Each structure stands twice: as structure tokens, then as C-alpha cells.
**Student:** 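Have a look at this one.
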Protein chains: 2
Amino acid sequence: MTSTRRPRADARRNYERLLAEADAAFKERGVDSSLESIARRAGVAIGTLYGHFPSRRALVGALLRERNEALFELGDRLLTGSAPDDRPLARSAPGTPDDRAPAGSALAGWVRAATAHAATYSGLASLLTDGLDDEASELHDSCLRMAEIGERLVARARESGAVRPDATGADVTALTSAAAWLHEHVSPAAADRLITVTLDGLAARP
Amino acid sequence: MTSTRRPRADARRNYERLLAEADAAFKERGVDSSLESIARRAGVAIGTLYGHFPSRRALVGALLRERNEALFELGDRLLTGSAPDDRPLARSAPGTPDDRAPAGSALAGWVRAATAHAATYSGLASLLTDGLDDEASELHDSCLRMAEIGERLVARARESGAVRPDATGADVTALTSAAAWLHEHVSPAAADRLITVTLDGLAARP
DNA sequence: ACCTGAACACCGTTCAAGT
DNA sequence: ACCTGAACACCGTTCAAGT
């Protein structure tokens, strides 16, 4: 039975200000920005930040909550069928009646969306990758969920013959995080290119 | 005319001890290990460390010098011809007289060697990636050299038809650093798998 | 010519004291 | 119920003073 009394007004305001300043700082200087400077910019003492967010990951997790919802909804949509067919994974031979295309482009769409998500802040790719293995991480649940969606999408693509038979969920997770890292440390274009080429390598051979 | 007087004996000893302790620390805790703890373990004051190595990158650069030589020699060997043909990039159709294979497996060998090099210490991939763009970095020259070798090897592979016509040096650099990052943050197996799949995506279609 | 370590500026994290 | 900020431990980097 969690107590659900509404928080004190000043507490709520501090919470919001901290989130806003953290978002700005993370966007500018990455997810390793100094927590002290965030508290300073939010106009609260450092202890107040720790009162609301017991760890850096908790702060990141709170900031990603809404984005996560949107991402998972996209994942569900891709899984339940109606895939937008931009950027198809396997270019189907012209004239071939092909039901591999939808599963392929659903997977491709997911990889691009998940990569964009993991590249929201610089440094986030590492945090999410670690969060997948670390049950104590506040990001663990969302990482698991992402991995699960990826796994189901490759499974579908595999069964429909869109990707090679040995393609695995780990391939999708690895590609996603590697591309997010490239997005941060090299360029968005480099990330996009890796995705294109690697998905091509994952595609089933005729 | 750089003065080449032999250094004082204690200076030389401190230099060597710092290198040894830095190597150990970087191996254990990555390239962001505290410099103060390295100096402490080497039994010298922090100023002595800075006297020998004006920056963290200088320290890393000194540690990588020998490894770099070996890597560049391999690059030259791969460029001048005699490629070992383990792990061929493009599995040539059996019975096909094929001169694409050597250029392809030379490229593959390079990507694997360069990745192993960039994964020597955890955190090194970022340092090297930044070093390529930053002329002030002590790692800049070696990064340039690596990029150059990669570029020449894809060019050869491209011309011999082993890889697709739009394959570029940037593809090789990106794959190398992304794989090195995976090696650190996920697993060596994940890095290897990305390399295999991506090289497959880069291979020319029949 | 080289080494020392204090000095300065900064940070993560906790917690007793306040309101 | 929440906030404050001092306290502690740690770090990067510089530089005057020593030998």
C-alpha cells in the first residue's frame, strides 16, 4: 500500500526544476554532467537533488519515462502488424510476391527508433548497456523491455525468412547500442550508415 | 636539433615505473583511472607524473607506441599482398577462380586487428575516435595512420570487386571503433559478431 | 635537471540540523 | 515532510621551493 498523498507544493516545484535543468545539462554536456551544477542551476541545495533522485540513473530514468512509453508503443505497433514501409530491410526482388518485407522493415524501423532513443543524451548508450545486466539499475526494466521487443521482432523476421536463420536478439541489441555510441562520438550519419550496412548483412541471402 | 643527452637515472626509473603502473591501472580500471593513484602506486609525487606526461593522452600514447608499430606493420603487410586467409570476407563460390578473396580477407584481417588494438584498454575507443579529429591530441598521428591504412584497404577491395562500390574508409573506421566499444561494454563475442555481420553487409552482391 | 607536495578548484555522497 | 549546507573523501592540474 504505497501512500499516495499529494506532495508539498515546493517539493513538486523543486522536482520539476531539477528535471528541467538536468535535461538541459544532459543535452549540452552529456549524461555525466556534474550533479552539483544541476542543483545549482535549479536553485536548490545538493541534498535536495539527492532527496528526489537517489542516483544519477534515477534522474536519467525519470527523464526518459515519457520517451520510453512512446518507444514501447511503437514497438507494440511494429509487432502487431502495421509496419510503415520506409527503409525496407530486404529489398524484395521486383515482382516477387513477398511477405518477408513487412517483418524486415518492422525490424529496421525498430532498430532506428531504439538507436535514436539510446542517443538522446551523449553517454546514455553506456548507461543503458550497463542497465541491461544490472538489476539494481533504475534503467534495468526499460532495458529489458527494449531487448524483449527486439528479440520478438527478429524472431518474426527470422520465421518469415527476412533475415538469416542465425540472427538473434543479441544482434539487435548490440547494433542498437553500437550505433547510438557512433551517433554520440562520431556522427549521426555514421550511425545511420552502420545500421544500413549491418541490417543488410543480417538480411537473408537469396 | 633536439638534445639527446641521456636522462638522469632516477628520471628514467620513474618514467618506467609510471608506465608500468599506468598499464596495470588502465587494464584493470580503464583509461580513466585516477592519475593520482597511478603516481601513488609508482611511488612518485603527482608532479613527477605530469613532468613526464603532460596529459592523460600522452601517457596512453606512450603505452601504445609499441603496439602501434606492430599494427602498422601488419597493415603494410596486408597492403603489399600476402594476406593470411583466415576468416575471408567474401566466401567465394566454390570453383570460382577468384581474385576478390585476397583483398576481401586483407580488409577483414585489418578490421579485426584494428579493433583488438582499439580495445586494449576500456575507454580507449573514445579516446582514439576523438583523437582522429583533434590535431592537438597526442594520439592524432596514429589515428590518422590507422584511418589511412583502412582507406587503402577498402579501396583495394572495392577495385577488385570484393566489397560494394559505395564502401568507404569511414565505414571501416566506424566499424572498428564501434566494435571496440562493444568489446569493452558488452563482450568480445558481441564485437566479433558485429564485425562478421557488417563485413557481410559490405561484401559485394553476386 | 628533476622531484616534491601544497594549493586551488571542483566533484559525489551523506547526514545532522533546521523549518 | 522537506530543505539546507557543512563535512568527508577524492580528483585534475599547476607551480614555487627544494635537491
Side-chain angles (χ1 to χ4, degrees), chain A residues 1-22 24-26 28-62 121-123 126-127 130 134 136-138, chain B residues 1-22 24-26 28-62 121-123 126-127 130 134 136-138:
Chain A
M1 193 90 77
T2 55
S3 114
T4 316
R5 289 247 265 68
R6 76 137 70 114
R8 236 164 60 179
D10 59 337
R12 171 134 208 99
R13 252 209 15 238
N14 287 338
Y15 181 88
E16 301 294 354
R17 290 211 53 175
L18 281 166
L19 274 187
E21 294 298 341
F26 290 171
E28 285 166 28
R29 276 180 274 286
V31 98
D32 289 321
S33 303
S34 139
L35 297 181
E36 227 158 34
S37 76
I38 291 172
R40 213 157 36 226
R41 285 171 56 170
V44 302
I46 181 64
T48 303
L49 187 152
Y50 276 91
H52 285 286
F53 308 101
S55 72
R56 182 183 300 273
R57 288 179 320 224
L59 188 45
V60 173
Y121 306 122
S122 136
S126 304
L127 231 48
D130 296 349
D134 180 5
S137 168
E138 288 86 349
Chain B
M1 194 91 77
T2 53
S3 115
T4 319
R5 290 246 265 68
R6 76 135 71 114
R8 235 164 60 180
D10 59 339
R12 170 135 209 99
R13 251 209 15 238
N14 287 338
Y15 181 89
E16 302 294 355
R17 290 211 51 177
L18 281 166
L19 275 186
E21 293 299 341
F26 290 170
E28 285 167 28
R29 274 179 278 284
V31 99
D32 289 321
S33 303
S34 138
L35 297 180
E36 228 156 34
S37 76
I38 291 172
R40 214 159 33 227
R41 285 172 55 171
V44 301
I46 182 61
T48 304
L49 186 152
Y50 276 90
H52 286 286
F53 308 101
S55 71
R56 184 183 299 274
R57 288 181 318 226
L59 188 47
V60 173
Y121 306 122
S122 137
S126 304
L127 232 48
D130 295 350
D134 181 3
S137 168
E138 288 86 348

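Just so we're on the same page: letters track the sequence lines, and every chain starts at 1. These numbers were taken from a predicted model, which means no experiment stands behind them.
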**Student:** Would you say B:I38 and B:F26 make side-chain contact, with heavy atoms under 4.5 Å?
**Tutor:**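 Answer yes - side chains close enough.
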
**Student:** So, taking the atom named CD in B:E16 and the one named CD in B:E21, what distance separates them when rounded to the nearest 0.5 Å?
**Tutor:**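 Here the rounded value is 12.5 Å.
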
**Student:** Check every atom of C:dG5, D:dG5, D:dC3 against the side chain of B:A45 and return the nucleotide holding the closest atom.
**Tutor:**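 Shortest atom-to-atom distance from the side chain points to C:dG5.
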
**Student:** Return one dot-bracket line describing DNA chain D 5' to 3' (Watson-Crick or G-U wobble pairs, both distances under 3.5 Å; ( ) same strand, [ ] crossing, | another strand, . none).
**Tutor:** ||.|||||...|||||.||

**Student:** Ignoring hydrogens and geometry, is there a side-chain-to-backbone donor-acceptor pair from B:R29 to B:S122 under 3.5 Å?
**Tutor:**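 Pair absent, no side-chain N/O of B:R29 close to backbone of B:S122.
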
**Student:** Within a strict 4.5 Å, meaning less than it, do heavy atoms of the B:D134 and B:R57 side chains meet?
**Tutor:**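 Side-chain contact under 4.5 Å: yes.
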
**Student:** Less than 4.0 angstrom between a side-chain N/O of B:H52 and OP1 or OP2 of C:dC3, yes or no?
**Tutor:**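 Answer is yes, contact under 4.0 Å.
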
**Student:** Applying the side-chain contact (heavy atoms from CB on, under 4.5 Å) criterion to B:N14, which one of B:L19, B:V44, B:L49 satisfies it?
**Tutor:**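 When side-chain contact (heavy atoms from CB on, under 4.5 Å) is applied between B:N14 and each of B:L19, B:V44, B:L49, only B:V44 qualifies.
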
**Student:** Hey, does the side chain of A:R56 reach the backbone of A:S33 with a donor-acceptor pair shorter than 3.5 angstrom?
**Tutor:**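 A pair under 3.5 Å: yes.
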
**Student:** Figure out the CG/C1' separation between B:L49 and C:dC2, and round it to whole Å.
**Tutor:**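 Nearest whole value for this atom pair: 14 Å.
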
**Student:** Is there a side-chain contact between B:Y50 and B:L35 (heavy atoms, below 4.5 Å)?
**Tutor:**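 With C-beta onward as the side chain, the pair touches.
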
**Student:** Looking at every heavy atom in both B:A42 and B:L18, which two are closest together, and how far apart are they?
**Tutor:**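 Residues B:A42 and B:L18, closest heavy atoms: CB-CD2, 3.8 Å.
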
**Student:** To check you understand the geometry: which heavy-atom pair defines the closest contact between B:A62 and B:Y15, and what is its length?
**Tutor:**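 Here B:A62 and B:Y15 meet closest at CB-OH, 4.1 Å.
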
**Student:** Does the side chain of B:E138 reach to within under 4.5 Å of the side chain of B:L59, using non-hydrogen atoms?
**Tutor:**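 Of all side-chain heavy-atom pairs linking B:L59 with B:E138, none is under 4.5 Å.
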
**Student:** Sugar-phosphate atoms are those with a prime plus P, OP1 and OP2; base atoms are the rest. Using that split, label each nucleotide of nucleotides 6-19 of chain C B, S or - for protein heavy atoms under 4.0 Å, 5' to 3'.
**Tutor:** B----BBBBB----

**Student:** Mind running a 4.0 Å heavy-atom check of residues 11-22 of chain A against DNA chain D and sending the residues that fall below it, in number order?
**Tutor:**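 Of all residues in residues 11-22 of chain A, the ones placing a heavy atom under 4.0 Å from DNA chain D are A:A11, A:N14.
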
